[in-house]
Amino acid sequence: MNYQNIDLLKIKLCYNVLKIMARGKVSFLLYITSHNDMGWSIRKKLIIFLLLATVVPFGSSIAISYFHTTKSLDERFVSTNHELIEKGEEELTTYLNDVAQMSSVLYRYTPFMNVMREGISQNFSSNQEEVRRALAYLFNSRPEIEQMHLYIDRDKESYTNYHSRISGRAKYEDILSHPYYYQLMRYPGFSIAEPPHEIYSYNDISVIPNSEKKAVLSFHNIIRDVPIERFLGFLSIDINLSKISAISDRLYTKDLEDFYIMDENDIIIYSSIEKELGKVNEEKWFKQVKKEPEGGKSIEWKDAQFSGFIVHEKFSESFKDWYIVKRIPYDVLYKGARETALINILIGLITLVFALLGTLFVSFKLTAPIKVLIRNMKKVENGEFKADFDTLGTDEIGMLGRHFKLMITKIDELIESEYKLEIENKASQLRVLQSQINPHFLYNAFQSIGTLALKSKAVPVYTLLTSLSNIMRYSMNMKDDIVPITAELNHVKSYLLLQKQRFDEQFEFELNIEEEVKEILVPKMILQPIVENCFKHGFDQEVKKARILMEAFLDNDNQVWIQVKDNGTGPSDEQLEKIRLELFYGIPKEDKQREAIGLKNIFDRLQIYYHNQANMSVNRNEEGGFTVTIVIPKVMPKEVEHL
């Protein structure tokens, strides 16, 4: 008899019963309370005592005082903050307009405009100097400028000025591949703002070290030949957020309030939370702000992340669809009111102490039997089905104790019958195992037949027997669950040699395995089921010569790629979609035959062994056939590798 299994069975059954009891204990207590004719319930005694002693008079006075204080604070505080962000919005609008219109200075510089019209090549040295002079002038006009990019359409050339380092000229043939330049060509205005993003090199001509990459706000400007409106080129200006941050920091209290600036596409231009820069604001509170009527100042909001007032203002002029929002938590808004309430609470503590002393006495008196009951429940969790108390009283807890003793007696009886059934099942399984053929007998039999085949000069028979023996030995080895890829390949090769004998010249296979992946550890039995699927579903009478190609290699990211490809009939589009659904999402197919069950088992095992870092794809080849691709990390997690 396996007593360890019996103990585990007891614990499992107790755990399930206790979970059911825990879910139902509230309903049970309510039930016995409503049917108790012994007098007032414990709940009534405690609630009435606390209400009469302190809670009702003391709590009412604090609540009334707090309500009137917070009401007056709401109106005054919200009005003051709205005026503040209105002034901040005006200052930010002025600053953003100044940056967006920087390119207008170039229109007044005739030599530069001539270069834009005629191109660099007409007088290279002189024209390039004019370009450098213009870029240097604009760059030095504002300290927050990080980078500038100029594109001249006449010669399809561009220049950059990064940290006062002006690049040489470079061709930019596919200028419209830049999304904002493409948008500017169809935009009626002259400037478009790109939300905060990590600074990048335009046309790959700026050298920006990784250590200097920071978030910038870009203004992309189109340069036209005024007044004929002929397109001449683009000018992009990347600025850091220092100036915007300096203005914004005066509008809110750091670490206490939240501050946001959103553009017309709901993208966060600036935020008090740095990691949110450049992201789309999809929060429900912001959607509600956008629904507010014209002239609205604030809304109240409460959810799991924030509770308080949201003061907002819409930008005007060229940034009219932008929003500036300040979130003020109730904790900040009502800090003064809560301090007043705290003083009131301290004044009432003397009265409360006497009430608490009486409550503690009653509580200790009533909770002592509950602790006894909890201690006995823990014993049941550990498999000891005996209660160490006779009675817990005559009230609701005493009734609960009596029901608990009856329950554990019933559980003990159920376990007795359950583990007896388990023992019978184990005995049946043992009899089945004893009736199976000893694997060592099979190996010895294969060896004897192989020796006889060699004596009879039947070498092919010996080879096939060896392959079959290797397959059985590998499959029946239960000790190793993680093996080198070489072991998996040898197993697959033995299987393919047997199939080769079956199909003769109508089948061929090829294994292209890089040396560096052969000793990498992988879960056992992940390749043979894939190859077996090629024969089960891929090859039929229409395939004149069946072929299987298996490749394994290591890519630059230390990922191991394993690919199995056949030239069979391949699945239809509908069949391929069903296989993918079943493989990756566990959606059962309409018919009872599940062709992807082997692939599904492999995929699930890979996710377990590699902690969801493994990938698997199935595709139909253009020339016909089916391809299964597995991508796994080179190194298996240590806790899995040493199981």
Side-chain angles (χ1 to χ4, degrees), residues 91-92 94-117 119-120 123-172 175 178 180-181 184 189-224 226 232-247 269-270 277 318:
E91 188 175 356
L92 286 167
T94 301
Y95 170 73
L96 293 173
N97 278 326
D98 289 345
V99 177
Q101 296 174 9
M102 284 181 64
S103 62
S104 62
V105 177
L106 300 176
Y107 286 91
R108 298 193 294 270
Y109 188 41
T110 304
F112 174 82
M113 293 303 296
N114 289 335
V115 173
M116 295 298 295
R117 296 185 187 100
I120 294 290
N123 188 348
F124 176 76
S125 60
S126 176
N127 289 343
Q128 182 164 262
E129 186 61 26
E130 292 296 343
V131 169
R132 291 176 177 271
R133 186 179 293 113
L135 289 177
Y137 172 78
L138 287 179
F139 186 89
N140 293 320
S141 63
R142 286 191 176 274
E144 62 269 23
I145 295 177
E146 293 289 332
Q147 181 181 216
M148 302 179 68
H149 173 246
L150 174 67
Y151 168 74
I152 304 172
D153 187 64
R154 179 63 181 266
D155 294 322
K156 309 293 184 186
E157 293 177 338
S158 65
Y159 293 83
T160 61
N161 187 350
Y162 174 72
H163 285 194
S164 296
R165 296 192 296 270
I166 301 177
S167 70
R169 64 172 181 169
K171 287 290 183 182
Y172 203 166
I175 186 68
H178 192 289
Y180 285 90
Y181 290 158
L184 268 173
F190 286 84
S191 179
I192 294 179
E194 181 179 358
H197 59 278
E198 185 178 84
I199 190 169
Y200 54 82
S201 175
Y202 293 87
N203 201 19
D204 294 328
I205 55 178
S206 291
V207 179
I208 306 176
N210 290 330
S211 60
E212 296 182 9
K213 288 186 177 180
K214 61 179 67 175
V216 294
L217 176 65
S218 300
F219 288 86
H220 304 290
N221 306 275
I222 189 170
I223 302 176
R224 296 189 176 96
V226 179
L232 297 180
F234 297 111
L235 176 66
S236 295
I237 302 172
D238 298 345
I239 63 170
N240 59 45
L241 303 177
S242 59
K243 183 66 175 179
I244 297 176
S245 178
I247 297 173
I269 301 298
Y270 181 80
L277 290 177
S318 55

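Just so it is clear, the structure is predicted and the values come from calculations on it, not from any experiment.
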dist L106:CG -> L232:CG (nearest 0.5 Å) comes out at 11.5 Å
With a 4.5 Å limit on heavy-atom distance, are the side chains of Y172 and K156 in contact? no
Please name the pair of heavy atoms, one in F219 and one in N221, separated by the smallest distance, quoted to 0.1 Å. O-ND2, 3.3 Å
At what distance, to the nearest 0.5 angstrom, does CG of L92 lie from CD1 of I269? 11.0 Å
Heavy atoms of L217 and E194 approach each other most closely as CD1-O, 3.0 Å
Considering all heavy atoms of both residues, which atom of I205 and which atom of S167 are nearest to each other, and what is their separation? CD1-OG, 3.6 Å
Do E129 and R132 meet the salt-bridge criterion of a basic N to acidic O distance under 4.0 Å? no
Using atom types as modelled and distance alone, determine if a side-chain donor or acceptor of H178 lies under 3.5 Å from a backbone N or O of Y180. yes
Can you tell whether the side chains of K214 and E198 come within less than 4.0 Å, N to carboxylate O? no
Do K243 and E144 meet the salt-bridge criterion of a basic N to acidic O distance under 4.0 Å? no
With a 4.5 Å heavy-atom cut-off, do V131 and L150 have their side chains touching? yes
Within the structure provided, determine whether I145 and P143 are in side-chain contact (heavy-atom separation under 4.5 Å). no
Exercise: identify the closest heavy-atom pair between A134 and F112: CB-CD1, 3.5 Å
Given side-chain contact (heavy atoms from CB on, under 4.5 Å), test I192 with I222 step by step and report yes or no. CA-CA 9 Å; I192 294 179; I222 189 170; over 6 Å; no
Apply side-chain contact (heavy atoms from CB on, under 4.5 Å) to residues M148 and D238 and explain how you reach the verdict. CA-CA 6 Å; M148 302 179 68; D238 298 345; over 6 Å; no
What is the distance from atom CD1 of I208 to atom CD of E146, rounded to the nearest 0.5 Å? 9.0 Å
Quick check: does any side chain N or O of S201 sit under 3.5 Å from a backbone N or O of S206, one acting as donor and the other as acceptor? yes
Could you measure the distance from the CD atom of E157 to the CD1 atom of I175? Nearest 0.5 Å is fine. 12.0 Å
Hey, what do you get for OH (Y95) to CD1 (I247), rounding to the nearest 0.5 Å? 7.0 Å
Can you confirm if the NZ or CZ of R224 lies within 45° of the ring axis of F190 and under 6.0 Å from the centre of its six-membered ring? yes
For H149 and Y181, take the angle between the two ring planes, folded into 0 to 90°, and tell me which bin it lands in: parallel under 30, tilted 30 to 60, perpendicular over 60. parallel
Minimum-distance pair of heavy atoms, taken over all atoms of S103 and L235: CB-CD2, 3.8 Å
Got N127 and N114 here, is their nearest side-chain heavy-atom distance under 4.5 Å? no
Contact between S125 and N123 at the side-chain level, heavy atoms closer than 4.5 Å - yes or no? yes
Where do I199 and Y162 come nearest, in terms of heavy atoms and distance? CD1-CE1, 3.9 Å
Taking only Lys NZ, Arg NE, NH1 and NH2, and the carboxylate oxygens of Asp or Glu, determine whether D98 and R142 approach each other closer than 4.0 Å. yes
Compare all side-chain heavy atoms of Y270 with those of S245 and state whether any distance is below 4.5 angstrom. yes
Start with the C-alpha gap between Y151 and I223, add the side-chain angles, then the distance that decides, and say whether side-chain contact (heavy atoms from CB on, under 4.5 Å) holds. CA-CA 9 Å; Y151 168 74; I223 302 176; over 6 Å; no
Between Q147 and T160, does the side-chain hydrogen bond (donor to acceptor under 3.5 Å, both in side chains) criterion hold? Intermediate values first, please. CA-CA 7 Å; Q147 181 181 216; T160 61; 4.8 Å; no
Rounded at 0.5 Å granularity, tell me how far OG in S164 sits from CG in L135. 11.0 Å
When you measure from the side chain of N203 to the backbone of K171, do you find a donor-acceptor pair of N or O atoms at a distance under 3.5 Å? yes
Where does the angle between the aromatic ring planes of Y200 and Y202 fall among parallel (under 30°), tilted (30 to 60°) and perpendicular (over 60°)? tilted
Test H220 against S191 for side-chain contact (heavy atoms from CB on, under 4.5 Å), laying out the working first. CA-CA 6 Å; H220 304 290; S191 179; over 6 Å; no
